[in-house]
*Asks:* 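This is the structure I want to talk about, given as structure tokens.
Reminder, nothing fancy here: chain letters follow the sequence lines and each chain counts from 1.
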There are 2 protein chains.
Amino acid sequence: MHFRFGFLSYEISHVIRQRFNKNAEIIGITHSQWRVLVHLSENPNCRQVDLADILDIKPITLVKQLDQLEARNLVRRIKDSDDRRVYRLELTANALPVMQKLWDIADRVEAEVLGALTPDEQALVIRLLCRVKGAICGKEPDMS
Amino acid sequence: MHFRFGFLSYEISHVIRQRFNKNAEIIGITHSQWRVLVHLSENPNCRQVDLADILDIKPITLVKQLDQLEARNLVRRIKDSDDRRVYRLELTANALPVMQKLWDIADRVEAEVLGALTPDEQALVIRLLCRVKGAICGKEPDMS
DNA sequence: TAATATAGTAAGCGAGGGGTATTATATTTG
DNA sequence: CAAATATAATACCCCTCGCTTACTATATTA
């Protein structure tokens, strides 16, 4: 018998992404852009290369997401005065109310998806997944 | 405070997919194709439209996956004699040893990713996620 | 000063997924 | 039975997300 944890987590996160995207369509933000906004809000004033690392994507991938978010006036690139190669990233004032709406959507979708579990079970599964993520975060599997 | 279950499940499943894809690259099978094979093995002799529904993808998306799997001689389309519009899908004999290798990879990746949890906790988180998936499977969120 | 490293970006590619329209075949309805 | 409708698979074209490679500008190191 095999575990199926991979399929389970994939299929559940897929449903969450789909529902988020559908609900956030009128705002014009995708789940991937949403990830950028949230992680940026938690790491203000960071460089693009840092944010890409946090998001576990390549810098060039982040460039395009930022282009779109900047075009929507949600994010600003600010030239660093010490190192003129780098941009510092920050959310615009305009981003705050938009993110509030997106958090509402995200919370609602999650509540629906987790509806089959009691609040205690919800907290438990999140705690367990946090440990899983913490353990693999940044670490490659042992290839020896 | 927000839940983060969406990000957690997404990021964990993303790591699993990446590691699976890297390990299965020499076999030439992606995680998406792997999903097709597994769900087909559990629903032998089904129609394409049924399998697409099980996988929660559109039939046209499945067509391309099946084209690749058929080219790799892992899957066969068989004309249904009762309804000449439909194909019945089946794994080839050739698929069995390949799937054995892929299960080995999948199991190994999962064991690594879940390594931070005790066996009891692993079983627990899988049980909880099974309930979550069972509850949302096929159901749209209540939009009333 | 020369070699090397780093931050951001352009160009172009591929996987995965989808919308719409088409063809062939069933099914339902007048 | 004939006509309208529904269904299964698919062709064509598009999108998003992510990548590799190569380039420019700037820092850092030898």
Side-chain angles (χ1 to χ4, degrees), chain A residues 7 10-11 13-22 24-25 28-37 39-40 45-72 75-89, chain B residues 10-11 13-22 24-25 27-37 39-40 45-72 75-89:
Chain A
F7 287 150
Y10 171 71
E11 287 160 10
S13 77
H14 189 233
V15 167
I16 291 175
R17 277 171 79 87
Q18 279 186 322
R19 292 191 185 179
F20 180 91
N21 283 335
K22 191 162 70 179
E25 198 172 18
I29 292 292
T30 65
H31 189 267
S32 290
Q33 292 166 2
W34 171 230
R35 273 189 85 219
V36 174
L37 290 175
H39 284 89
L40 175 54
N45 224 258
C46 69
R47 306 177 302 164
Q48 291 186 201
V49 69
D50 296 328
L51 187 55
D53 194 57
I54 291 167
L55 293 167
D56 198 22
I57 59 179
K58 301 296 169 195
I60 183 60
T61 303
L62 180 59
V63 165
K64 297 169 202 170
Q65 309 264 21
L66 289 175
D67 287 347
Q68 295 172 299
L69 291 171
E70 206 171 31
R72 297 263 346 250
V75 164
R76 239 193 316 266
R77 288 169 162 109
I78 298 176
K79 275 281 183 197
D80 187 308
S81 50
D82 289 343
D83 186 336
R84 305 200 316 187
R85 292 169 305 181
V86 338
Y87 284 111
R88 297 285 166 177
L89 300 172
Chain B
Y10 170 71
E11 288 160 8
S13 77
H14 188 234
V15 168
I16 291 175
R17 277 171 79 87
Q18 280 186 322
R19 292 190 186 178
F20 179 91
N21 284 336
K22 190 163 67 179
E25 197 172 21
I27 302 179
I29 292 293
T30 65
H31 189 267
S32 290
Q33 292 166 3
W34 171 230
R35 273 188 85 220
V36 174
L37 290 175
H39 284 89
L40 175 54
N45 224 257
C46 69
R47 306 177 302 164
Q48 290 186 200
V49 69
D50 296 329
L51 187 54
D53 194 57
I54 290 166
L55 293 167
D56 199 21
I57 59 179
K58 300 297 168 195
I60 182 59
T61 302
L62 180 59
V63 164
K64 299 167 207 172
Q65 309 263 21
L66 289 176
D67 288 347
Q68 296 172 299
L69 292 171
E70 206 172 30
R72 296 266 342 250
V75 165
R76 239 193 317 266
R77 289 167 163 109
I78 297 175
K79 275 280 181 198
D80 186 308
S81 50
D82 288 344
D83 187 336
R84 305 200 316 187
R85 293 170 303 180
V86 338
Y87 285 111
R88 298 285 166 177
L89 300 172

*Asks:* For D50(B) and R84(A), find the nucleotide of DNA chain D closest to each by heavy atoms; which residue's nucleotide sits nearer the 5' end?
*Replies:*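 By nearest-heavy-atom nucleotide position, the 5'-most residue is D50(B).
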*Asks:* Taking only the side-chain heavy atoms of Y87(A) (C-beta and beyond), determine which of dG18(D), dG8(C), dT10(D) contains the nearest atom.
*Replies:*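 Of all the options, the side chain of Y87(A) is nearest to dG8(C).
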*Asks:* Roughly how many Å is it from CG in L62(A) to P in dC19(D), rounded to a whole number?
*Replies:*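 That distance rounds to 11 Å.
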*Asks:* Once you round to the nearest 0.5 Å, how far does OG1 of T30(A) lie from CD of E25(A)?
*Replies:*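 If I round to the nearest 0.5 Å, the distance is 11.0 Å.
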*Asks:* Find the distance Q18(A):CD to dG17(C):P and express it as a whole number of Å.
*Replies:*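 Interatomic distance, CD of Q18(A) to P of dG17(C): 10 Å.
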*Asks:* For P59(A) and for D82(B), locate the closest nucleotide of DNA chain C by heavy-atom distance; then report the residue assigned to the nucleotide nearer the 5' terminus.
*Replies:*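 Nearer the 5' end of the strand: P59(A).
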*Asks:* Quick one: CG on D53(B) to CD on Q48(B), what's the gap to the nearest 0.5 Å?
*Replies:*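 The distance works out to 13.5 Å.
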*Asks:* Any salt bridge between R47(B) and D50(B), counting N to O under 4.0 Å?
*Replies:*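 So R47(B) pairs with D50(B) through a salt bridge.
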*Asks:* Side chains of S32(B) and R17(B): donor-acceptor distance under 3.5 Å anywhere?
*Replies:*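 Yes, because at least one side-chain N or O of S32(B) sits under 3.5 Å from a partner of the opposite role on R17(B).
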*Asks:* Hey, is the side chain of R17(A) poking within less than 4.0 Å of OP1 or OP2 on dG17(C), counting only N and O atoms?
*Replies:*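 Looking at the OP1 and OP2 atoms of dG17(C), neither is under 4.0 Å from any side-chain N or O of R17(A).
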*Asks:* With respect to the side chain of D83(A), which nucleotide from dA27(D), dT16(D), dA9(D) is positioned closest?
*Replies:*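 Output: dA27(D).
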*Asks:* What is the distance from CG of D56(B) to C1' of dG18(C), rounded to the nearest Å?
*Replies:*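 Taking atom C1' of dG18(C) as the reference, CG of D56(B) is at 13 Å.
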*Asks:* Can you identify which nucleotide, out of dA8(D), dA15(C), dA26(C), has its nearest atom closest to the V86(B) side chain?
*Replies:*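 When the side chain of V86(B) is considered, dA8(D) is the closest of dA8(D), dA15(C), dA26(C).
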*Asks:* Starting at CD1 of I57(B) and ending at P of dA15(C), how long is that distance when rounded to a whole Å?
*Replies:*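 After rounding, the gap between these two atoms is 15 Å.
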*Asks:* Quick one: K79(B) NZ to dA26(C) C1', roughly how many Å, whole number?
*Replies:*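 Atom NZ in K79(B) sits about 13 Å away from atom C1' in dA26(C).
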*Asks:* Please confirm whether the ring centroid of Y10(A) lies under 6.0 Å from the ring centroid of H31(B).
*Replies:*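 Centroid distance Y10(A)-H31(B): below 6.0 Å, so yes.
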*Asks:* Counting side-chain heavy atoms from C-beta on, which of dA10(C), dA9(D), dG16(C) comes nearest to I60(A)?
*Replies:*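 When the side chain of I60(A) is considered, dA10(C) is the closest of dA10(C), dA9(D), dG16(C).
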*Asks:* Mapping Q65(B) and D67(A) to their closest nucleotides on DNA chain C, which lands nearer the 5' end?
*Replies:*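 First, find each residue's nearest nucleotide; the 5'-ward one identifies D67(A).
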*Asks:* On the nucleotide dC17(D), are OP1 or OP2 found under 4.0 Å from the side-chain N or O atoms that T61(A) carries?
*Replies:*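 Answer no for this pair, as no side-chain N or O of T61(A) is under 4.0 Å from OP1 or OP2.
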*Asks:* Look at S32(B) and dG17(C) and indicate whether a side-chain polar atom (N or O) is within less than 4.0 Å of OP1 or OP2.
*Replies:*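 True: S32(B) side-chain N/O within range (under 4.0 Å) of dG17(C) OP1/OP2.
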*Asks:* Would you kindly give the CZ-to-P distance between R72(B) and dA15(C), to the nearest whole Å?
*Replies:*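 Atom-to-atom, R72(B) to dA15(C), this comes out as 13 Å.
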*Asks:* Per the atom types in the model, does the base of dG8(C) pair as donor or acceptor with the side chain of K64(A) at under 3.5 Å?
*Replies:*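 Donor-acceptor pair under 3.5 Å: no.
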*Asks:* Is there a donor and acceptor pair, one atom on the side chain of R85(B) and one on the base of dT7(D), closer than 3.5 Å?
*Replies:*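 Donor-acceptor pair under 3.5 Å: yes.
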*Asks:* Can you tell me the distance, in whole Å, between the CZ atom of R47(B) and the P atom of dT10(D)?
*Replies:*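 Roughly 13 Å, once rounded to whole Å.
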*Asks:* Identify which nucleotide among dC17(D), dG8(C), dG18(C) has an atom closest to any side-chain atom of Q48(A), counting heavy atoms from C-beta outward.
*Replies:*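 For Q48(A), the side-chain atoms sit closest to dG8(C).
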*Asks:* Report yes or no: do R72(B) and Q33(B) form a side-chain donor-acceptor pair below 3.5 Å?
*Replies:*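 The criterion, which ignores hydrogens and geometry beyond distance, is not satisfied for Q33(B) and R72(B).
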*Asks:* Nearest whole Å is fine: how far is dC12(D) C1' from K58(B) NZ?
*Replies:*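 Nearest whole value for this atom pair: 18 Å.
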